[in-house]
Asks: 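My questions all concern the structure below.
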There are 2 protein chains.
Amino acid sequence: MLMSDAIAEMINNLLRESNGSLEIKRNDLAEKMGCVPSQINYVITSRFTPERGYIIESRRGGGGYIRIIKKEMHKDEYLMHSFYAIGDAIDAASAAAIIRNLADNKLITAREQAIMLGAVSPKALEKLASGENIVRADIMRQQILALMK
Amino acid sequence: MLMSDAIAEMINNLLRESNGSLEIKRNDLAEKMGCVPSQINYVITSRFTPERGYIIESRRGGGGYIRIIKKEMHKDEYLMHSFYAIGDAIDAASAAAIIRNLADNKLITAREQAIMLGAVSPKALEKLASGENIVRADIMRQQILALMK
DNA sequence: ACAGTTTAGATCAAAGATAGTCAAAGTCAA
DNA sequence: TTGACTTTGACTATCTTTGATCTAAACTGT
C-alpha cells in the first residue's frame with residue numbers, strides 16, 4: 001500500500017476510536033509511520049480537506065500539534081447546493097439572492113445574513129481594479145464552507 | 001500540559017475568583033508553577049494582551065507586583081474599537097485575532113466567527129494580484145458594520 | 001536628605017521544540 | 001510520453017523555555 005494511504009488509514013482509525021476528533025504530534029506520527037514529517041502535511045492537504053468534511057487546526061513550537069476534526073454531514077445538502085450555485089464568478093445581486101435563500105430556508109440567521117452580505121457588498125470590494133465577481137465568488141465559497149463546520 | 005498554558009490557566013482561575021482583577025508576585029507564582037520568573041512575563045505578553053482586553057500594571061522593588069485586569073467593554077464600544085483597529089489594511093493573522101476577540105467577548109457566535117474568518121481568509125482572497133490586505137480591511141469593516149445594525 | 005544595599009520586576013537574546021512550505025525528484029497509470 | 005500523484009528534504013515560521021543582565025522601587029544607616 002502507498003505510504004500516503006497508510007497514513008490516511010491510520011488517521012481514520014484514530015478518528016474512529018476518538019469519536020471524530022483527534023490531536024497528533026506531526027513528528028511522532030511521521031516516525032511511527034516511517035516517513036518524513038512533511039508527508040503528514042501532504043496527506044492532510046490531499047485527503048482531509050474542508051471540502052471532504054474535515055477541519056484542521058495546528059500550532060507550532062513547543063507543545064505543538066495538529067488537530068483533525070471530522071464534522072458530521074447531514075443537513076449540509078442545501079449548503080452544498082448553494083456552494084455550487086456560486087460558480088466561478090458572481091455579481092452582487094446574485095450573491096444577495098443566494099444568501100437570502102439561505103436565510104429563507106433557516107440555514108443562517110438574520111445576523112449571519114447581514115455579515116455575509118456585508119462581506120460581498122460592492123462597498124467591501126470597491127478597491128478591486130478588476131475581477132470583483134471572481135473574488136466575490138471565492139469569498140462566498142469560504143463563507144459557506146465555514147457554515148458546514 | 002504545556003507550562004505556559006498551565007500558567008495562563010492559573011491566572012484565569014485567579015481572575016475568575018477575584019472578579020476580574022488581581023495582583024500577583026511574579027517570583028512567587030513562578031516558584032509555585034516551577035518555572036523561571038521571566039516565563040510569567042512571556043505568558044502575560046503572549047496571552048493577556050490589551051488586544052484581548054487585559055490591562056497590565058506592575059511595580060518593581062520591595063512589595064513589587066504585577067496587576068492583571070480584565071477590561072469589560074460594552075458591545076458598541078467593542079465593535080467601534082474593532083472597527084478602528086482594522087486600519088487601512090490588515091493581514092490575515094491580525095484579522096483573525098480581531099475576529100477571535102469578538103467571539104471571546106461574546107459579540108459574535110462561533111458560527112459567525114467562522115463566517116467572518118472564511119470571508120477574509122487567504123483562500124478567499126487568493127485571486128487578488130495585489131492589495132489583499134486593503135480589500136481584507138474593507139471586507140472586515142463591512143462585516144462589522146453589519147453587526148452594528 | 002543621601003548613599004549604598006536589597007528586593008523584585010523587565011528585557012532580550014539564545015537555544016529548543018514543533019509545524020509549514022516549496023520545489024525537485026520519483027512513480028505509475030493512461 | 002505525459003500528467004497526476006507521491007515522496008523527500010532543505011529551508012522557513014512560530015512558539016516556548018531559560019538565564020544573564022538591566023532597571024526601578026523600597027529600605028537602611030548616618
Side-chain angles (χ1 to χ4, degrees), chain A residues 1-12 14 21-52 54-69, chain B residues 1-12 14 21-52 54-69 90-98 100 117 121-123 125-126 132-133:
Chain A
M1 174 161 46
L2 267 184
M3 175 58 67
S4 286
D5 290 336
I7 296 169
E9 189 178 316
M10 171 90 281
I11 291 176
N12 274 132
L14 292 173
S21 157
L22 85 122
E23 236 172 69
I24 58 176
K25 296 289 215 177
R26 189 180 75 148
N27 290 354
D28 288 358
L29 183 58
E31 187 169 8
K32 207 173 299 173
M33 303 299 299
C35 67
V36 295
S38 62
Q39 187 155 16
I40 305 297
N41 295 84
Y42 173 67
V43 170
I44 288 175
T45 19
S46 63
R47 295 158 166 75
F48 295 87
T49 61
E51 284 85 351
R52 296 194 194 178
Y54 297 91
I55 299 164
I56 308 298
E57 291 161 359
S58 71
R59 189 165 151 190
R60 308 185 192 194
Y65 60 81
I66 300 176
R67 186 180 297 141
I68 304 172
I69 304 164
Chain B
M1 174 158 50
L2 215 57
M3 177 57 67
S4 286
D5 290 337
I7 295 168
E9 188 178 316
M10 171 91 282
I11 292 176
N12 273 131
L14 293 172
S21 156
L22 85 121
E23 241 173 63
I24 58 177
K25 296 289 219 176
R26 190 180 77 148
N27 289 352
D28 288 358
L29 182 57
E31 187 168 11
K32 205 174 300 173
M33 302 298 299
C35 68
V36 295
S38 62
Q39 187 154 16
I40 305 298
N41 295 85
Y42 172 68
V43 170
I44 288 175
T45 343
S46 63
R47 294 156 165 76
F48 295 87
T49 61
E51 218 193 25
R52 295 192 193 178
Y54 296 91
I55 299 167
I56 307 298
E57 292 162 358
S58 70
R59 239 183 135 87
R60 311 184 191 196
Y65 60 83
I66 301 177
R67 186 180 297 143
I68 303 172
I69 304 165
I90 188 168
D91 62 46
S94 309
I98 290 177
R100 191 192 143 172
L117 272 176
S121 66
K123 186 90 185 155
L125 303 179
E126 69 185 354
E132 172 176 333
N133 290 352

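The analysis underlying the following values was restricted to heavy atoms, covering all of them including side chains, and did not include hydrogens, waters or symmetry mates. First the proteins, then the strands, lettered A, B, ... as listed; each starts at 1.
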Asks: Would you be so kind as to tabulate the donor-acceptor pairs closer than 3.5 Å made by side chains of residues 31-45 of chain B, with sequence neighbours excluded?
Replies:
from, atom 1, to, atom 2, distance (Å)
B/Q39, NE2, B/S4, OG, 3.1
B/N41, OD1, B/R26, NH1, 2.5
B/T45, OG1, B/N41, O, 2.3

Asks: Check the distance between C/dG9's P and B/E23's CD and give it to me in whole angstrom.
Replies: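 Checked: the CD to P distance equals 11 Å.
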Asks: Does CZ belonging to B/R100 count more than 12 external heavy atoms closer than 6.0 Å?
Replies: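 For B/R100, atom CZ is not crowded (no more than 12 foreign heavy atoms under 6.0 Å).
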Asks: Please state how far atom CD1 in B/I24 lies from atom P in C/dA8, giving the value in whole angstrom units.
Replies: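 Between P of C/dA8 and CD1 of B/I24: 14 Å.
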Asks: Might you work through the side chain to side chain contact (heavy atoms under 4.5 Å, CB included) test for B/I90 and B/N133, ending with a clear yes or no?
Replies: CA-CA 5 Å; B/I90 188 168; B/N133 290 352; 5.6 Å; no
Asks: To the nearest Å, give me how far apart CD1 (B/I56) and P (C/dT11) are.
Replies: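 Spelled out: CD1 on B/I56 to P on C/dT11 is 12 Å.
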Asks: Between A/N27 and C/dA19, is there a contact of a side-chain N or O with OP1 or OP2 at under 4.0 Å?
Replies: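 Yes, such a contact exists.
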Asks: So if I define the base as every atom that isn't primed, P, OP1 or OP2, how would nucleotides 2-18 of chain D read as a B/S/- string at a heavy-atom cutoff under 4.0 Å?
Replies: ---SBBBB---BBBBBB
Asks: In Å and rounded to the nearest 0.5 Å, what is the CD1 to CD distance from A/I11 to A/E9?
Replies: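 If we round to the nearest 0.5 Å, A/I11:CD1 and A/E9:CD are 11.0 Å apart.
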Asks: Between atom CG in B/L29 and atom C1' in C/dA10, what is the gap in whole Å?
Replies: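 Answer to the nearest Å: 16 Å.
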Asks: Rounded to whole angstrom units, what separation is found between the CZ atom of B/R67 and the P atom of C/dA10?
Replies: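 It works out to 13 Å between those atoms.
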Asks: Report the C-alpha distance between B/I7 and B/R47 in whole Å, list the side-chain angles of each, state the deciding distance to 0.1 Å, and finish with yes or no for side chain to side chain contact (heavy atoms under 4.5 Å, CB included).
Replies: CA-CA 10 Å; B/I7 295 168; B/R47 294 156 165 76; over 6 Å; no
Asks: Rounded to the nearest 0.5 Å, how far does CD1 of B/I66 lie from CZ of B/R60?
Replies: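 Rounded to the nearest 0.5 Å, the CZ-CD1 separation comes out at 10.5 Å.
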Asks: Go through it in stages, so that I can follow the logic: the residues are A/L22 and A/Y65, the test is side chain to side chain contact (heavy atoms under 4.5 Å, CB included), and I'd like the CA-CA distance, side-chain angles, deciding distance and then a yes or no.
Replies: CA-CA 10 Å; A/L22 85 122; A/Y65 60 81; over 6 Å; no
Asks: Return the value, rounded to whole Å, for the distance between atom CD1 of B/I40 and atom C1' of C/dC12.
Replies: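 My rounded result for the distance is 17 Å.
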Asks: Taking protein heavy atoms under 4.0 Å as touching, what does nucleotides 23-30 of chain C look like 5' to 3' if B marks base contact, S marks sugar-phosphate-only contact and - marks none?
Replies: --------
Asks: Look up atom OH in A/Y54 and atom CD1 in A/I68, then write down how far apart they are to the nearest 0.5 Å.
Replies: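 Here the rounded value is 9.0 Å.
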Asks: Between atom CG in B/D28 and atom P in C/dG9, what is the gap in whole Å?
Replies: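 Distance, rounded to whole Å: 8 Å.
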Asks: Using OP1 and OP2 only, check whether a side-chain N or O of A/K25 sits under 4.0 Å from C/dA19.
Replies: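 No, A/K25 has no side-chain N/O under 4.0 Å of OP1/OP2 on C/dA19.
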Asks: Can you measure B/N41 atom CG to D/dC22 atom P for me and round it to whole angstrom units?
Replies: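 About 17 Å, once rounded to whole Å.
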Asks: Of the non-hydrogen atoms in A/G62 and B/L2, which two are nearest, and what is the gap between them?
Replies: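 Distance-wise, the nearest heavy atoms are O-CD2, 3.3 Å.
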